Amino acid sequence: TMLNFEVGRPKSIEAVNRAMAEKSEILIAPQKNAFIENPTKEEILDVGVIAHIKQVVKGQGSSMKVVVQALKRAKITSYVNESEYFAVTVKESPYIVPEDPLEMEACLRVVKNCFAEYSLLEKRLNKEMLALFGSITDVNEYIDNALSTVNFKEEDIQNILRLDDTLERVKAFEELFRKESEIAKL
C-alpha cells in the first residue's frame, strides 16, 4: 500500500530525514490528538505501520510531502530516543485472520459495502482516492485505507486500528460506518 501525507512537525521532519539518510525503514504511527503540536510518547498510538520512504518533496516552509510504501503492521515496544525525533523498537504485529477464504471474502464485502454506502453520502471524500480502493483485496488493508480517508472521531478510528483480530475489526468498522452513514443522512 502506498501512503502519502504531509509532515510539518520538527521531530517528524527529523525522523524522515534520518530514515532517508540511513536508507532505513520508518514507523508511521498516528497521534491520539492531531491538534497537539509537540506530542509526547504518551500521545502517540502504540500501533502503526513500518514503511519504506519512496519520495520526499519539500513543501512550503519547512514542511514536506512524503510518499511511503507500507510494509507491515507493528507495535511500539519501547522508545529509544525522544530528543531530536522519536526512535522506537517495534514488534511486528500481523492481523489475526480467519482461515476460511470464503469468510475473508465475506468480510471484504461487508467493509466495501459499508464504505461505499458512506461514500455516496459524504461528498467531501477524494474521488481519486476512492477509485484506488477497488483494487484492494485484503480486508485489513481496505479497513486501514478507508479509515485514513474519513474525518471521524479520532478515538473511534484508533479503537479499530488497535484491534488485531480481523473479525473484530470488521464488526467495529461496520458499526462505525453505519453510525456515520446515519449521521450523514441528517
Side-chain angles (χ1 to χ4, degrees), residues 1-20 25-88 90 93 95 111 114-115 118-119 121-130 132-133 140-164 169 172-173 175-177 179-181 183-184:
T1 302
M2 300 299 278
L3 306 170
N4 59 4
F5 51 90
E6 200 163 315
V7 174
R9 293 180 176 85
K11 283 188 177 187
S12 299
I13 291 170
E14 183 60 27
V16 168
N17 287 336
R18 289 282 175 110
M20 290 291 291
E25 296 170 342
I26 190 167
L27 180 76
I28 311 297
Q31 286 179 224
K32 293 177 181 174
N33 180 342
F35 296 107
I36 295 175
E37 188 59 33
N38 292 305
T40 63
K41 66 183 182 184
E42 291 80 14
E43 294 162 324
I44 296 176
L45 198 63
D46 65 343
V47 65
V49 63
I50 297 171
H52 174 73
I53 298 174
K54 294 297 217 180
Q55 182 181 28
V56 176
V57 177
K58 298 288 183 195
Q60 292 185 338
S62 61
S63 72
M64 55 179 63
K65 293 182 180 186
V66 182
V67 178
V68 300
Q69 179 182 10
L71 302 173
K72 51 194 158 197
R73 183 174 185 257
K75 289 190 178 179
I76 297 171
T77 57
S78 66
Y79 281 80
V80 180
N81 176 1
E82 299 175 45
S83 56
E84 299 171 40
Y85 62 98
F86 290 115
V88 297
V90 298
S93 182
Y95 294 113
V111 297
C114 288
F115 190 67
Y118 177 77
S119 66
L121 297 168
E122 181 51 72
K123 304 298 182 204
R124 293 177 290 181
L125 291 175
N126 182 322
K127 300 304 178 202
E128 292 169 8
M129 178 73 90
L130 294 176
L132 297 174
F133 281 35
N140 287 301
E141 181 181 349
Y142 195 98
I143 289 171
D144 293 341
N145 278 280
L147 291 173
S148 73
T149 65
V150 294
N151 191 21
F152 296 170
K153 289 183 190 173
E154 289 177 30
E155 182 180 344
D156 290 341
I157 292 172
Q158 292 167 8
N159 286 338
I160 296 173
L161 293 175
R162 281 190 185 103
L163 295 172
D164 296 325
R169 296 182 91 227
F173 182 92
E175 289 173 3
L176 177 61
F177 274 79
K179 178 185 89 173
E180 291 295 335
S181 292
I183 292 170

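Please read these numbers as outputs of a predicted model, since none were measured by experiment.
Using a 4.5 Å heavy-atom cutoff, the side chains of Leu147 and Phe177 are in contact. With contacts defined as side-chain heavy-atom distances shorter than 4.5 Å, the pair Asn17/Met64 qualifies.
Nearest heavy atoms, Ile13 versus Ser62: CD1-O, 3.0 Å. For the residue pair Ile53 and Val56, the shortest heavy atom distance occurs at CG2-CG2, 3.6 Å. Looking at every heavy atom in both residues, Ser12 comes nearest to Val7 through CB-CG1, 3.3 Å. The minimum heavy-atom distance between Val47 and Pro30, with the atom names listed, is O-CD, 3.7 Å.
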> Hey, mind stepping through Val68 and Phe5 against side chain to side chain contact (heavy atoms under 4.5 Å, CB included) and telling me if it holds?
Replying inline: CA-CA 9 Å; Val68 300; Phe5 51 90; 3.9 Å; yes
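Legend: residues meeting side-chain contact (heavy atoms from CB on, under 4.5 Å) with Gln158, ordered by chain and number and at least two apart, are Lys32, Leu45, Glu154, Arg162. Not counting sequence neighbours, the partners of Glu180 by the side-chain contact (heavy atoms from CB on, under 4.5 Å) test are Tyr118, Phe152, Leu176, Ile183. Partners of Ile36 under the side-chain contact (heavy atoms from CB on, under 4.5 Å) rule, at least two apart in sequence or in another chain, are Gln31, Asn33, Pro39, Glu43. Under the rule for a side-chain contact (heavy atoms from CB on, under 4.5 Å), the partners of Val49 that lie at least two apart in sequence or sit in another chain are Leu3, Ile28, Ala70.
Atom CD of Glu37 sits in a crowded spot, with more than 12 heavy atoms from other residues, nucleotides or ligands closer than 6.0 Å. Taking a 6.0 Å sphere around CD of Gln60, one finds it holds 12 or fewer heavy atoms contributed by other residues, nucleotides or ligands.
For residues 55-74, the salt bridge (charged side-chain N to carboxylate O under 4.0 Å, His left out) pairs, not counting sequence neighbours, are Arg73-Asp164.
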Which pairs of donor and acceptor atoms, one on a side chain in residues 77-88, lie under 3.5 Å apart (sequence neighbours left out)?
{"from": "Thr77", "atom 1": "OG1", "to": "Thr89", "atom 2": "O", "distance (Å)": "3.0"}
{"from": "Thr77", "atom 1": "OG1", "to": "Thr89", "atom 2": "OG1", "distance (Å)": "2.8"}
{"from": "Ser78", "atom 1": "OG", "to": "Thr89", "atom 2": "OG1", "distance (Å)": "2.5"}
{"from": "Asn81", "atom 1": "OD1", "to": "Ser83", "atom 2": "N", "distance (Å)": "2.8"}
{"from": "Asn81", "atom 1": "OD1", "to": "Ser83", "atom 2": "OG", "distance (Å)": "3.0"}
{"from": "Glu82", "atom 1": "OE2", "to": "Lys41", "atom 2": "NZ", "distance (Å)": "3.4"}
{"from": "Glu84", "atom 1": "OE1", "to": "Arg18", "atom 2": "NH2", "distance (Å)": "2.6"}
{"from": "Tyr85", "atom 1": "OH", "to": "Arg18", "atom 2": "NH1", "distance (Å)": "3.4"}

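Rounding to the nearest 0.5 Å gives a distance of 11.0 Å between CG of Leu27 and CG of Leu71. For the atom pair OH of Tyr142 and CZ of Arg169, the computed distance is 13.5 Å after rounding to the nearest 0.5 Å. Rounding to the nearest 0.5 angstrom, the gap separating the CD1 atom in Ile157 from the CG atom in Asp144 is 11.0 Å.
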